[in-house]
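Written out below as structure tokens is the structure these notes cover.
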Amino acid sequence: MRYSGFRVIAEALTGHKGWKPVWRDPDPKPDYDYIIIGGGGHGLATAYYLAKEFGQARIAVLEKGYLGGGNVGRNTTIIRSNYLLDGNEPFYEFSLKLWEGLEQDFNYNAMVSQRGIINLIHTDAQRDAATRRGNAMILHGADARLLSRDEVRQMYPWLNFDNARFPIKGALMQPRGGTVRHDAVAWGYARGADQRGVDLIQNCEVTGMRIENGRIKGVETTRGYIGAKKVGVAVAGSSSKVMAHAGMRLPIESHVLQAFVSEGLKPLIDGVMTFGAGHFYVSQSDKGGLVFGGDIDGYNSYAQRGNLPVIEDVAEGGMALMPAIGRVRLLRTWGGIMDMSMDGSPIIDKTHIEGLYFNGGWCYGGFKATPASGWCFAHLLAKDESHITARAYRFDRFLKGLMIDEKGQGATPNLH
Ligand SMILES: Cc1cc2nc3c(=O)[nH]c(=O)nc-3n(C[C@H](O)[C@H](O)[C@H](O)COP(=O)(O)OP(=O)(O)OC[C@H]3O[C@@H](n4cnc5c(N)ncnc54)[C@H](O)[C@@H]3O)c2cc1C
């Protein structure tokens, strides 16, 4: 079924009776060439690109709950490629380019909105760092602009420019950054993968792996054993649990990250904005709610809900930046489980077990990576070699000390 303006009008005139479910609900087959564990954004994108770009078939995605019920449907929807380091910037810029053509590619409205992102600057040293970052972005073919204090004031006059501790001195802007309707991304990839014959199997939790003579043979699931030539794991916050089935301990910790949505307001912020002196980022949804977030809850957890101290901290950040929100009512909060790696950057790599591949360690930032992550993981699965933009995302960087540490925090996953 292709979507078109004509089809929408025709359905509207005939009572919307012609729409059909956009993916099948198949039972698992006894075996596949490829099994992808995890029906989040990354798993679905991997299956889609495996079938579409790399011509592979006999693919299944196994999801323990429902498609899009994990972080892909829980994030604050920000996309950008404003990274500093060589290992990261080409990959995230590749992802942003894929976002730019995604809706045409899978013929699905994911509401990709390049409304621009600004990172506020509060000190002279921060301006130096932002200039360096902007130059690095431009050298990698991305877009970046340094905004003066007056330019920021023209955009958002209601910000607290003269806060005694955190005066606003300017911003680094990436005009091509923005937001995307997160769960529509999962649905678009799911639909595209299903159309190409991928079996999307929900309510199917992987509970074990069958490994013989150093080679993966298949997976044990709540719906029985399923054989596979190759298995790709893309389970985000559950990475450590799933890879433990293969006897692997990962350089990853799981933490909760919370998100917040306010009551609907009149148009206030037309882009995405991040505070440079505390952890607070905000945009406004098309329904008018302020969508914002901050730091992770500092302790390890597999719960999809967070705690009040972090809510208080995020609210303080928001108030320091935009005191006008003091009287705005909060509508909803929720949490997702983040796969926080030791250096804050992801892993897309083979494992020491033949036929078993891993994708994870996305920390706060895996939503924007979804298209490139899927593409690069599919490349690795199909060709057994890393995509050129993902070559740095190897396990052995932790052995060799080749960290990709954007923040310079060291091996402290809760601080990345
Ligand atoms: C509150 C919040 C805000 C965020 N904001 C942003 C943002 O603005 N921008 C950004 O770039 N990133 C953001 N992120 C991060 C981003 O959402 C994640 O990094 C990314 O979605 C992770 O990849 P995924 O979509 O594949 O994960 P998920 O959607 O979590 O997919 C993993 C899937 O694996 C399944 N699974 C787990 N165990 C098993 C098993 N044993 N068997 C079968 N299936 C299993 C899970 O049920 C889940 O559906 C945010 C995250 C949160 C929680």
Side-chain angles (χ1 to χ4, degrees), residues 28-47 50 56 58-65 70-71 199 201 203-255 300-302 337-343 345-363 366 373-374 376-386 390 393-400 413:
K29 298 192 178 82
D31 61 82
Y32 291 91
D33 285 354
Y34 295 93
I35 282 181
I36 309 298
I37 309 177
H42 294 216
L44 292 166
T46 303
L50 257 180
Q56 302 300 305
R58 293 186 18 89
I59 306 163
V61 175
L62 309 184
E63 165 52 49
K64 77 170 174 189
N71 290 344
D199 282 356
I201 302 165
N203 298 313
C204 182
E205 179 173 358
V206 171
T207 53
M209 291 187 192
R210 203 174 282 180
I211 296 161
E212 289 170 14
N213 301 322
R215 195 174 207 315
I216 189 101
K217 293 286 174 186
V219 293
E220 310 288 349
T221 80
T222 46
R223 297 177 69 172
Y225 174 75
I226 310 174
K229 290 187 180 138
K230 291 185 176 180
V231 174
V233 177
V235 293
S238 301
S239 293
S240 303
K241 279 193 193 168
V242 172
M243 293 309 278
H245 297 315
M248 286 182 71
R249 251 189 105 208
L250 303 178
I252 286 176
E253 287 183 4
S254 291
H255 290 261
N300 299 148
S301 172
Y302 286 104
I337 314 164
M338 315 311 304
D339 36 337
M340 306 296 295
S341 67
M342 292 291 153
D343 61 357
S345 293
I347 299 161
I348 303 177
D349 203 1
K350 301 175 191 180
T351 69
H352 66 286
I353 295 159
E354 218 181 313
L356 179 63
Y357 302 78
F358 177 74
N359 171 321
W362 292 102
C363 302
S373 166
C376 294
F377 202 32
H379 186 286
L380 179 68
L381 281 156
K383 300 186 173 212
D384 255 316
E385 63 185 51
S386 297
Y393 295 154
R394 293 196 311 265
F395 277 114
D396 69 2
R397 73 174 187 266
F398 298 100
L399 196 68
K400 296 179 174 166

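Note that the coordinates shown come from a computational prediction; the quantities given were computed from them, not determined experimentally.
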Item to check | Check: Phe377 and Leu50 side chains under 4.5 Å, non-hydrogen atoms | outcome: no
Checklist entry - Is there side-chain contact between Met243 and Thr351, with at least one heavy-atom pair below 4.5 Å? => result yes
Checklist entry - Got a sec, which pairs hit salt bridge (charged side-chain N to carboxylate O under 4.0 Å, His left out) with one end in residues 30-39, sequence neighbours left out? => result Asp31-Arg58, Asp33-Arg58, Asp33-Lys229
Next on the checklist: How close do Lys350 and Asp384 get, counting heavy atoms only, and between which atoms?
Outcome noted: NZ-O, 3.0 Å
Item to check | Pairs involving residues 208-219, ordered by first then second residue, that meet salt bridge (charged side-chain N to carboxylate O under 4.0 Å, His left out) (sequence neighbours left out) | outcome: Arg210-Glu220, Arg215-Glu354
Checklist entry - Where is the tightest heavy-atom contact between Pro28 and Ile226, given as atom of each residue plus distance? => result CB-CD1, 3.6 Å
Checklist entry - Does anything in residues 37-46 pair up under salt bridge (charged side-chain N to carboxylate O under 4.0 Å, His left out), and if so which pairs, sequence neighbours excluded? => result none
Checklist entry - What is the minimum heavy-atom distance between His42 and Gly366, and which atoms define it? => result NE2-O, 2.8 Å
Checklist entry - Atom SG of Cys363 and atom NE2 of His255: how far apart are they, to the nearest 0.5 Å? => result 9.5 Å
Next on the checklist: If I compare all heavy atoms of Ala47 with all of Val61, which pair ends up nearest, and what's the gap?
Outcome noted: CB-CG2, 3.5 Å
Item to check | Main-chain N/O of Tyr302 paired to Ser254 side chain as donor or acceptor, under 3.5 Å | outcome: no
Checklist entry - Would you say the side-chain atoms of Thr222 pair up with the backbone N or O of Glu205, donor to acceptor, closer than 3.5 Å? => result yes
Checklist outcome for this item: Between Gly361 and Ser341, the two heavy atoms sitting closest are O-OG, 3.8 Å
Item to check | Donor-acceptor contact below 3.5 Å, side chain Asn71 vs main chain Ile337 | outcome: yes
Checklist entry - Distance from Ile353 atom CD1 to Phe358 atom CZ, nearest 0.5 Å? => result 12.5 Å
Item to check | Interatomic distance, Lys230 atom NZ to Gln56 atom CD [nearest 0.5 angstrom] | outcome: 7.5 Å
Checklist entry - What are the two closest non-hydrogen atoms of Thr207 and His245, and how far apart are they? => result O-CE1, 3.2 Å
Item to check | Inter-residue atom distance Leu381.CG - Asn359.CG, 0.5 Å rounding | outcome: 9.0 Å
Checklist entry - Does the side chain of Ser239 reach to within under 4.5 Å of the side chain of Ile347, using non-hydrogen atoms? => result no
Checklist entry - What's the spacing between Leu356 CG and Asp349 CG if we round to 0.5 Å? => result 11.0 Å
Next on the checklist: Could you tell me if the side chain of Trp362 sits less than 4.5 Å from the side chain of Ser373, heavy atoms only?
Outcome noted: yes
Checklist entry - Is the side chain of His379 donor-acceptor paired with the backbone N or O of Ala390 at a distance under 3.5 Å, no angle test? => result no
Checklist entry - Atom CG in Leu250, atom CE in Met342: separation rounded to 0.5 Å? => result 9.5 Å
Checklist entry - Is a donor on one side and an acceptor on the other found under 3.5 Å between the side chain of Asp199 and the backbone of Ile201? => result no
